[in-house]
Amino acid sequence: MAAAPENPLILSFEEARHLVEQRATGLCTANQSRPTETVDLLHASRRALAEPISADRDFPPFPRATRDGYAVRSADLERLPRTLEVIGEIKAGAAPDQLPAQLQAGQAAAIMTGAPAPLGADAIVMVEYTSRQGNRVEITKAVASGDNIVPTGAEARRQDLLIEAGTLLDEASIAVAASVGRSELRVYSRPRVAVLSTGDEVVGINTQPGPNQIRNSNSYSLAAQILNAGAEPALLPVAPDESRRLKESIEEGLKSDLLLLTGGVSMGKYDLVEQVLVELKAEFFFTGAQIQPGRPVVFGRVKDSKYFFGLPGNPVSTMVTFELFARPLLEALAGMTPRHLVFLHARLKSEIKTKTGLKRFLPALLSGEFERSEVELARWQGSGDIAATARANCYIVIPPDRERIAAGEWVPVLLR
Ligand code: AMP
Ligand code: MG
């Protein structure tokens with residue numbers, strides 16, 4: 001399907017997102033053959049796991065007390081207060097031969113959090129509800145069978161799958177790896193993502209810009225987003241708005257696993273990116289989405305293999321369209337199972353008036369504490385306003401059919 005530039009293919013946000021997710025899922029099935037490497041667990045954060053992690057034993061491996069107190073037989077506490085005989089003390093890490101014998105009716109054992117409950121005990125009474133005198137303890141609160149004890153194997157059985165291959169490793173999955181004794185993990189090698197900013201006015205960040213030039217911020221915001229998604233950015237020199245040199249740069253960028261272009265995808269006379277991609281026999285999946293910021297976003301593929309995104313040059317458009325469209329594909333290339341977008345809802349602090357027709361993702365500030373969070377639009381000068389966006393911490397999502405949203409309404413929010 002050659003859609004651009006003669007034959008534009010503008011999709012709704014949902015259609016465009018769905019299309020990218022489908023392509024990403026297609027890449028995932030090819031992941032088995034992706035290169036992998038072994039990393040130390042301390043360096044595994046934000047890498048994509050290339051092997052499953054299973055339980056090497058039952059979790060917990062013994063019936064674990066979750067409170068400091070007394071291990072009891074709950075049936076002994078039908079009438080309160082009740083005085084029980086204390087037959088021993090169980091510390092966390094107690095060797096099996098240090099454990100008291102099986103609890104008999106009328107007996108209790110002092111026990112610490114993380115220690116194994118003794119045979120015969122079916123609950124722990126928290127120390128707060130007890131008073132001890134010598135080898136006797138008075139209990140003032142009843143417990144139900146099972147209270148404050150996690151039974152052997154309740155969290156996982158030996159050989160159970162704990163973390164699937166394709167998971168982006170975070171602190172919780174790293175804790176799981178540590179708990180099953182994995183000091184090294186097999187992860188997918190990071191894909192290389194070429195970043196090509198375009199525009200005659202755009203100069204390198206170590207150059208003093210002329211009066212009408214601007215520094216290249218997009219390559220750097222994209223590099224940050226790429227790293228965050230578990231991939232390796234490769235920044236190419238800024239390409240001018242000139243077909244021949246643009247083509248050379250694009251060809252260079254297509255040597256990487258994915259190419260992200262910024263700028264040059266709007267309707268201007270010197271927006272040449274799509275033309276050059278047509279010359280390179282690109283296939284276009286879409287050449288625009290009904291969103292703001294980021295309407296001219298382009299997604300396609302060259303020679304049946306290399307995917308590219310043409311992201312609009314306005315810095316906020318670049319950031320938003322990366323999150324909305326490029327991220328799932330990049331996650332798939334990184335060996336991950338791409339994650340769905342997660343929206344939370346917050347109360348709108350002040351009224352929003354807008355025009356219908358586009359789904360908007362506008363920089364906003366989420367504030368407030370606990371269950372009272374509120375959100376309001378950042379004051380900004382449009383999708384070139386990086387400073388306002390940097391002060392914001394999320395995007396309010398405005399559906400295309402809303403002209404006015406009243407203060408107090410719940411609105412969807414995309415966190416940044
Ligand atoms: P374009 O998409 O090329 O029409 O650019 C839209 C706007 O984004 C223009 O104001 C550009 O100057 C600006 N812009 C384009 N590329 C970059 C970049 N790499 N860094 C910062 N701003 C850019
Ligand atoms: Mg431009």
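Counting starts at 1 for both ligands and their atoms, in listed order.
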message: Using a plain distance cutoff, I'd like to know if Gly264 has any nitrogen or oxygen under 3.5 Å from a nitrogen or oxygen of ligand 1.
response: yes
Side-chain ion pair, [X] and [Y], N-O less than 4.0 Å:
| X | Y | result |
| --- | --- | --- |
| Glu242 | Lys247 | no |
| Lys359 | Glu14 | yes |
| Arg301 | Glu283 | yes |
| Glu403 | Lys353 | no |
| Glu51 | Arg186 | no |

Pick one of side chain, backbone, both or neither for how [X] approaches ligand 1, counting any non-hydrogen atom pair under 4.0 Å.
| X | answer |
| --- | --- |
| Asn216 | both |
| Pro315 | side chain |
| Arg215 | backbone |
| Ile214 | side chain |

message: Out of Gly313, Pro296, Gly263, who is nearest to atom 15 (C) of ligand 1 when you count heavy atoms only?
response: Gly313
task: From the options Val195, Asn218, Leu272, select the one whose nearest heavy atom is closest to atom 18 (C) of ligand 1.
output: Asn218
Starting from [atom], which protein heavy atom do you reach first, and at what distance in Å?
| atom | value |
| --- | --- |
| atom 6 (C) of ligand 1 | Asn314 N, 3.6 Å |
| atom 20 (N) of ligand 1 | Ser217 N, 3.1 Å |
| atom 9 (C) of ligand 1 | Glu201 OE2, 3.9 Å |

task: Any atoms of ligand 1 less than 4.0 Å from a non-hydrogen atom of Ser266? List them with their elements.
output: 2 (O), 4 (O)
Numbering as shown, the atoms of ligand 1 that approach Ser197 to under 4.0 Å (heavy-atom distance): 19 (N)
Within less than 4.0 angstrom of ligand 1, does [X] place any heavy atom?
| X | value |
| --- | --- |
| Gly384 | no |
| Gly268 | no |
| Ser219 | no |

task: Establish, from distance only, whether the side-chain atoms of Gln290 and Ser12 form a donor-acceptor pair under 3.5 Å.
output: no
message: Check the orientation of Tyr307 and Phe285. Use parallel for under 30°, tilted for 30 to 60°, and perpendicular for over 60°.
response: tilted
field: More than 12 heavy atoms of other groups within 6.0 Å of Phe343 CZ
entry: yes
- request: Check whether the ring centres of Phe308 and Phe299 lie less than 6.0 Å apart, and answer yes or no.
  value: no
- prompt: Are Tyr129 and Tyr70 close enough that their ring centers fall under 6.0 Å?
  reply: no
